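Below is one structure, written out as structure tokens; comments come after it.
Because the structure is a prediction, the values reported are computed rather than measured.
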Amino acid sequence: MTDGAKEFTLIFRSHKFGSSIGLAAEPGFLYTDFKEKKVHRRALALGRDCGIRLETDEVVEGLSPWAVRGVILAHRYGEGKEVVLMIDDGEGDGRMEVYIGGHLKDLGPSI
């Protein structure tokens, strides 16, 4: 995936208990903070007392929450093709358009 001038390889992991999305060659998973318009990478590890501890929680610079959402939608629609995101610049109705494999998918309000 290319977001702006940076390129990211996102990995979608799925299992019987759920799914997650992460960066290739990096431990952990991604989560989006739409309020702050940031993507975080979080990695967990086993603690000394057999509990889980937070090992990493860092902002992924240059990766948009909308880009991550587009990849998730591509997976939901079963498309491995190009995903194009067009976010309203504030002049219109605050909506975002996503084209997956050349077909428009409506996400609703982007704000």
Side-chain angles (χ1 to χ4, degrees):
M1 150 174 291
T2 303
D3 190 358
K6 293 189 176 187
E7 187 171 311
F8 300 91
T9 301
L10 302 179
I11 305 295
F12 189 89
R13 297 176 184 97
S14 182
H15 48 81
K16 68 180 182 178
F17 299 112
S19 58
S20 65
I21 192 165
L23 292 173
E26 294 285 342
F29 57 92
L30 299 178
Y31 72 92
T32 56
D33 182 348
F34 278 93
K35 188 175 182 180
E36 296 291 323
K37 298 180 182 174
K38 295 180 180 179
V39 176
H40 294 255
R41 183 180 66 87
R42 181 172 276 181
L44 304 175
L46 291 177
R48 294 186 321 194
D49 300 329
C50 296
I52 294 177
R53 67 178 172 83
L54 180 62
E55 186 174 71
T56 304
D57 188 355
E58 64 185 17
V59 173
V60 180
E61 295 296 333
L63 183 59
S64 162
W66 293 111
V68 173
R69 189 170 183 185
V71 170
I72 292 168
L73 282 172
H75 174 74
R76 280 194 190 145
Y77 286 108
E79 295 282 347
K81 301 177 183 175
E82 181 178 35
V83 177
V84 178
L85 302 151
M86 299 178 73
I87 302 172
D88 182 5
D89 63 2
E91 299 292 324
D93 61 359
R95 298 183 79 75
M96 181 174 109
E97 292 180 340
V98 177
Y99 294 87
I100 301 174
H103 302 287
L104 175 65
K105 308 293 182 185
D106 185 22
L107 298 180
S110 61
I111 300 172

| query | So, Arg41 side chain and Pro27 main chain: donor-acceptor pair closer than 3.5 Å or not? | reply | yes
Same apolar cluster: Phe29 and Leu54, side chain cutoff 4.5 Å:
yes
Shortest non-hydrogen pair, Ser14 vs Ser19, comes out as CA-CB, 3.9 Å
N/O donor-acceptor pairs under 3.5 Å from side chains in residues 32-40, not counting sequence neighbours:
from  : atom 1 : to    : atom 2 : distance (Å)
Asp33 : OD1    : Lys35 : N      : 3.2
Asp33 : OD1    : Glu36 : N      : 3.1
His40 : ND1    : Asp57 : OD1    : 3.3

The reported gap from CG in Leu46 to CD in Glu55 (rounded to nearest 0.5 angstrom) is 10.0 Å
dist Leu63:CG -> Phe8:CZ (nearest 0.5 Å) comes out at 4.5 Å
Heavy-atom nearest pair, Ile11 first then Leu23, reads CG1-C, 4.4 Å
Value for CG (Leu30) from CD1 (Ile21), rounded to nearest 0.5 Å, stands at 6.5 Å
